[in-house]
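Protein chains get the first letters and strands the later ones, always in sequence-line order, with residue 1 at the start of each. Computed from heavy atoms alone, side chains included, the values below leave out hydrogens, waters and symmetry copies. Given the structure is predicted, the values throughout are model-derived calculations rather than measurements.
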Protein chains: 2
Amino acid sequence: MSAEKQKDLELYLDELKTIVKKRGLKYSTQREQILKVLFNAKNHLTPEEIYQEVKKENTSIGLATVYRTLSFLESEDIVSSISFGSEGKKYELNRGEHHDHMICIKCGKIIEFFNEELERLQEEIAKKENFKLITHQMNMYGICEECQKKDQ
Amino acid sequence: MSAEKQKDLELYLDELKTIVKKRGLKYSTQREQILKVLFNAKNHLTPEEIYQEVKKENTSIGLATVYRTLSFLESEDIVSSISFGSEGKKYELNRGEHHDHMICIKCGKIIEFFNEELERLQEEIAKKENFKLITHQMNMYGICEECQKKDQ
DNA sequence: CTCCTTGCAAACCGTTTGCATGCCC
DNA sequence: GGGCATGCAAACGGTTTGCAAGGAG
């Protein structure tokens, strides 16, 4: 792990410590481990996947703890979730800028993207309806480049 | 019910008959009743709500039938579903143009909107990633005009 | 020492499935 | 009459909850 990445992780852990203290709650190994897993994740993870990952170094963790921690982290805006139809939710660590997702319906791959104009357009649409926009979720479903090639 | 509305419903029922025939399936009272409920709905309905509604004139319908019918109608592109976080899915009849949704997190109201530029922008974003766009779902969460007034 | 957090198991809830029966064509 | 559709109940999968035990402050 690079020194740079290490430092980022520290920042997240510090943020967690601060928030936990501010809320009069406690800093636990489990919360730290779950946050670490999310930090190291290359893609979006389901609660079950996070559970399995944490289990590698803490065999006694319970699935319920993962769910409880994810709800907490999401309410504190440390992580975000995207939900796919009935296939449940996936979580990711909030790193800076908001972004949206393209989801490949063949292989399940998730491509993240950020588009300035899209953000602006939403504000504009909301304003038209006097709707106070808080957050949004834009999911584009289709077939990714690789899967298109495979099909041919 | 106005004559005009009546005529529209007939068109939907005819469409259902045609599709059902084309697939070698059967036209049943239940399918017709579920489609009618969706046609008459003022807002998006959950499977449970549809079930309760149909039950008013057909007490023996089963929830499973509603689910099976909704899957079928959705696969045939007669209805669409939107999914909200963990709160499940809601269904609506496809009437012409595609549209997106603003969802009030206070009262649950759903405001539909269609924005030409948004559609175009998506195509553009997908093209950049060589992603073959099939469908999308854009949900904007916030507070509707009425709920904003209430809060003051 | 206190209260929050945890692990476990049971409960929950929306959705799906197997099966015998019913109904459309 | 044959095969799809239905109703019912059971199964399912993800998520939540009650509770007693454990751990942080």
A.B. asks: Determine whether the side chains of A:S80 and A:E92 contain a donor N or O and an acceptor N or O closer than 3.5 Å.
C.D. replies: no
A.B. asks: Can you tell me whether the side chain of B:K26 and the base of C:dC23 have a donor-acceptor pair closer than 3.5 Å?
C.D. replies: no
A.B. asks: With distance as the sole criterion, is a donor-acceptor pair present between the side chains of A:T69 and A:Q30 under 3.5 Å?
C.D. replies: no
A.B. asks: Send over the distance from A:L63 CG to C:dA10 P, rounded to a whole Å.
C.D. replies: 16 Å
A.B. asks: Between the side chains of B:Q137 and A:N139, is a donor N or O closer than 3.5 angstrom to an acceptor N or O?
C.D. replies: no
A.B. asks: What's the CZ-P distance between A:R23 and D:dG25, to the nearest Å?
C.D. replies: 17 Å
A.B. asks: Would you list the protein and nucleotides 17-20 of chain C atom pairs, both N or O, that sit under 3.5 Å from each other?
C.D. replies:
unit_1, atom_1, unit_2, atom_2, d
C:dG18, O6, B:R68, NH1, 3.3

A.B. asks: Identify whether the distance between the nearest side-chain nitrogen and carboxylate oxygen of B:R120 and B:E124 falls below 4.0 Å.
C.D. replies: yes
A.B. asks: Would you indicate whether B:E146, at its atom CD, is surrounded by more than 12 heavy atoms from other residues, nucleotides or ligands within a distance under 6.0 Å?
C.D. replies: no
A.B. asks: Can you tell me how far P of D:dA5 sits from CG of B:L70, to the nearest Å?
C.D. replies: 15 Å
A.B. asks: Name every residue in residues 29-37 of chain A that has at least one heavy atom under 4.0 Å from any atom of DNA chain C, in order of residue number, or write none if there are no such residues.
C.D. replies: A:Q30, A:R31
A.B. asks: Hydrophobic clusters here meaning ILVMFWY residues chained together by side-chain heavy-atom distances under 4.5 Å, can you tell me if B:M138 and B:F114 are in one?
C.D. replies: no
A.B. asks: Can you list the residues that meet the ring-ring contact (aromatic ring centres under 6.0 Å, His included) rule with A:H99, with sequence neighbours excluded?
C.D. replies: A:H101
A.B. asks: What integer distance in Å separates A:K17:NZ from D:dA24:C1'?
C.D. replies: 13 Å
A.B. asks: Between P on C:dT15 and CD on B:E74, what's the gap in Å once rounded to a whole number?
C.D. replies: 11 Å
A.B. asks: Ignoring hydrogens and angles, state whether a donor on the side chain of A:S75 or A:D77 is under 3.5 Å from an acceptor on the partner side chain.
C.D. replies: no
A.B. asks: Check each residue of residues 47-61 of chain B for a non-hydrogen atom within less than 4.0 Å of any atom in DNA chain D, then write out the ones that pass by number, or none.
C.D. replies: B:S60, B:I61
A.B. asks: Going by atom type alone, with no hydrogens or angles, which donor-acceptor pairs under 3.5 Å involve a side-chain atom of residues 15-23 of chain B and a protein atom two or more places apart or on another chain?
C.D. replies:
unit_1, atom_1, unit_2, atom_2, d
B:T18, OG1, B:D14, O, 2.8
B:R23, NE, B:E76, OE2, 2.6
B:R23, NH2, B:E76, OE1, 3.1

A.B. asks: Nearest of D:dG7, D:dT16, D:dA5 to any side-chain atom of A:Y67?
C.D. replies: D:dT16
A.B. asks: Suppose we screen for side chain to side chain contact (heavy atoms under 4.5 Å, CB included). Which residues come up paired with A:E48, at least two apart in sequence or across chains?
C.D. replies: A:T46, A:Y51, A:Q52, A:L63
A.B. asks: Tell me which nucleotide among C:dT5, D:dG7, D:dA5 gets nearest to the side chain of B:S28.
C.D. replies: D:dA5
A.B. asks: For A:K89 and D:dG14, give me the distance from atom NZ to atom P, rounded to whole Å.
C.D. replies: 14 Å
A.B. asks: Hey, are A:E112 and A:H44 close enough side-chain-wise for a donor-acceptor pair under 3.5 Å?
C.D. replies: yes
